[in-house]
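The structure appears right after this line, and notes come after that.
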Amino acid sequence: SAFAQLTYDLSDQLSLMASGRYIHETNKAHQPTLTAPVNLKEQKFLPAATLTYKLDGGGNVYLRYARGFKAGGIVPVTNLAVFPNPRTQGGIFGGETIDTFEAGVKAPLAGNKVNVSAAVFYNAYKDVHVAAHANATYQAQGVTIAVVNAGTTRTYGAEASITARVAESLTVGASVAYLNAMYKDFFVPANVVIDEIALSGTRMINAPEWQLSFNADLDQPISDSLSLTGNVVAAHTSEVLWQASGLPGVLDDSTGNAFWLVNARMGIKASDDKWALSVFANNLFNAAYSTFGNSASGYGNLYNWGDPRVFGVEASFKF
């Protein structure tokens, strides 16, 4: 990988930053059933540019464009020798690219006691990675998952956050994010291994529409050498589609339920930060939520569930 960046001040308040990254990646896999290792080589140039205007009193308004890249790969849990052509049938998949456009503002208020930020964005994806359903014949041969590149996707949305120091020792914050994510031109014809994928105009997987969070942080001195510390975070995630059904009309889509997750921590620490002792509770209200789901036509919907309520004690030391 090689990276270069240049910033040019157009005026005292307006500046332009431009950058470029070149990447070359090789993914190599060997399975006992293959006569030779499989190599996947990819190279990409990723440009970016940001125009920033400094606001009086601090903060800025910005416009940004950037291209991103997610490398392709080789499915590690499936025997590639089973595929007649793994590069087109789900055993080996190429890279995914994204062009992102964003405009936003960041500003301190009330003498830096309050900080606000907001942004709107649009993302255009190409050659999106998607998990495909193997047909019954190849499921019986152990094709538990196949990954292919499929068409284009777009997402757009907005996000905003605010943090405020409401007292010398207490800071609170809140954030909200909205996401509209949809497959555009998204069709993969059936072949000897995988079933047809026709998702054009449908909801994108792993893309909750709403995410909210609220937090409070306490750091209160109780003596010359000790401080009382605390933190509470409450986060909400709306329903998410994990995977479209492998048997439409028979098996429901694999979806994750909307949920609130609350984590809390309370403790004491040395004023010089050399040691700290705290008790914590993760998933305080024992919410049931999934972290991934798979709509497998041969087995029904399979879910990975998040951790239940966990209590603990943590000690840390700095030397």
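A quick note: this is a predicted structure, and the numbers were derived from the prediction, not measured.
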Min side-chain heavy-atom separation [X]-[Y] under 4.5 Å:
| X | Y | result |
| --- | --- | --- |
| Arg21 | Ser1 | yes |
| Lys269 | Asp219 | yes |
| Lys44 | Thr97 | yes |
| Lys126 | Val128 | no |
| Leu80 | Val38 | yes |
| Gln5 | Met17 | yes |

Return yes when atom [atom1] of [X] has more than 12 non-hydrogen atoms of other residues, nucleotides or ligands closer than 6.0 Å, and no otherwise.
| X | atom1 | value |
| --- | --- | --- |
| Glu168 | CD | no |
| Tyr53 | OH | no |
| Asp12 | CG | no |
| Phe3 | CZ | yes |

Closest approach of [X] and [Y], non-hydrogen atoms and distance?
| X | Y | answer |
| --- | --- | --- |
| Lys106 | Leu55 | O-CD1, 4.3 Å |
| Phe186 | Ala150 | CE1-O, 2.9 Å |
| Gly73 | Leu40 | N-CD2, 3.4 Å |
| Asn149 | Gly95 | ND2-O, 3.5 Å |
| Phe69 | Leu46 | CB-CD2, 3.8 Å |
| Met266 | Gly230 | SD-CA, 4.1 Å |

Can you hop from [X] to [Y] via hydrophobic side chains spaced under 4.5 Å?
| X | Y | answer |
| --- | --- | --- |
| Val148 | Met204 | yes |
| Ile194 | Val82 | yes |
| Ile92 | Val192 | yes |
| Leu277 | Phe311 | no |
| Val233 | Leu212 | no |

Looking only at side-chain N and O atoms, does [Y] offer a donor or acceptor that is under 3.5 Å from a partner on [X]?
| X | Y | answer |
| --- | --- | --- |
| Tyr22 | Gln43 | yes |
| Asn301 | Ser254 | no |
| Thr52 | Asn60 | no |
| Tyr62 | Glu102 | yes |
| Ser225 | Ser271 | no |
| Ser117 | Ser161 | yes |

Any donor-acceptor pair under 3.5 Å from [X] side chain to [Y] backbone:
| X | Y | result |
| --- | --- | --- |
| Ser290 | Gly293 | no |
| Asp272 | Lys274 | yes |
| Asn115 | Thr163 | no |
| Gln211 | Tyr178 | no |
| Arg67 | Pro47 | no |
| Ser19 | Ala4 | no |
| Asp9 | Ser11 | no |
| His129 | Gly94 | yes |
| Tyr8 | Ala18 | no |

Output, in order, the C-alpha distance, side-chain angles, deciding distance and verdict of side-chain hydrogen bond (donor to acceptor under 3.5 Å, both in side chains) for Asn123 and Thr155.
CA-CA 5 Å; Asn123 299 320; Thr155 67; 3.2 Å; yes
Nearest 0.5 Å, what's the [atom1]-[atom2] distance between [X] and [Y]?
| X | Y | atom1 | atom2 | value |
| --- | --- | --- | --- | --- |
| Gln220 | Ser227 | CD | OG | 8.0 Å |
| Leu51 | Ser15 | CG | OG | 7.0 Å |
| Leu218 | Asn231 | CG | CG | 9.5 Å |
| Trp242 | Phe292 | CH2 | CZ | 8.0 Å |
| Glu159 | Leu179 | CD | CG | 9.5 Å |
| Leu16 | Thr50 | CG | OG1 | 8.0 Å |

Taking it one step at a time, do Ile162 and Val114 satisfy side chain to side chain contact (heavy atoms under 4.5 Å, CB included)?
CA-CA 7 Å; Ile162 182 171; Val114 178; 3.9 Å; yes
Stepwise side-chain hydrogen bond (donor to acceptor under 3.5 Å, both in side chains) test for Trp275 and Ser316:
CA-CA 5 Å; Trp275 63 267; Ser316 61; over 6 Å; no
Using the side chain to side chain contact (heavy atoms under 4.5 Å, CB included) rule, take Asn263 and Val232 through it: C-alpha gap first, then chi angles, then the decisive distance, then the call.
CA-CA 6 Å; Asn263 297 335; Val232 177; over 6 Å; no
Would a line drawn from the ring center of [X] to the ring center of [Y] be shorter than 6.0 Å?
| X | Y | value |
| --- | --- | --- |
| His236 | Phe259 | no |
| Trp305 | Tyr289 | no |
| Phe101 | Tyr65 | yes |

For a side-chain hydrogen bond (donor to acceptor under 3.5 Å, both in side chains) with Asn180, tell me which candidate from Arg203, Glu209, Arg154 qualifies.
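Option passing the side-chain hydrogen bond (donor to acceptor under 3.5 Å, both in side chains) with Asn180: Arg154.
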Would you please test Asp56 and Gln13 for side-chain hydrogen bond (donor to acceptor under 3.5 Å, both in side chains) and show each step?
CA-CA 9 Å; Asp56 294 335; Gln13 292 180 290; 3.0 Å; yes
Tyr183 vs Ile205, side chain to side chain contact (heavy atoms under 4.5 Å, CB included): CA-CA, chis, key distance, verdict
CA-CA 9 Å; Tyr183 296 116; Ile205 65 170; 3.3 Å; yes
What verdict does the side chain to side chain contact (heavy atoms under 4.5 Å, CB included) test give for Phe93 and Ile74, after you've listed the backbone C-alpha separation in whole Å, the side-chain angles of each residue and the deciding distance to 0.1 Å?
CA-CA 7 Å; Phe93 54 98; Ile74 300 164; over 6 Å; no
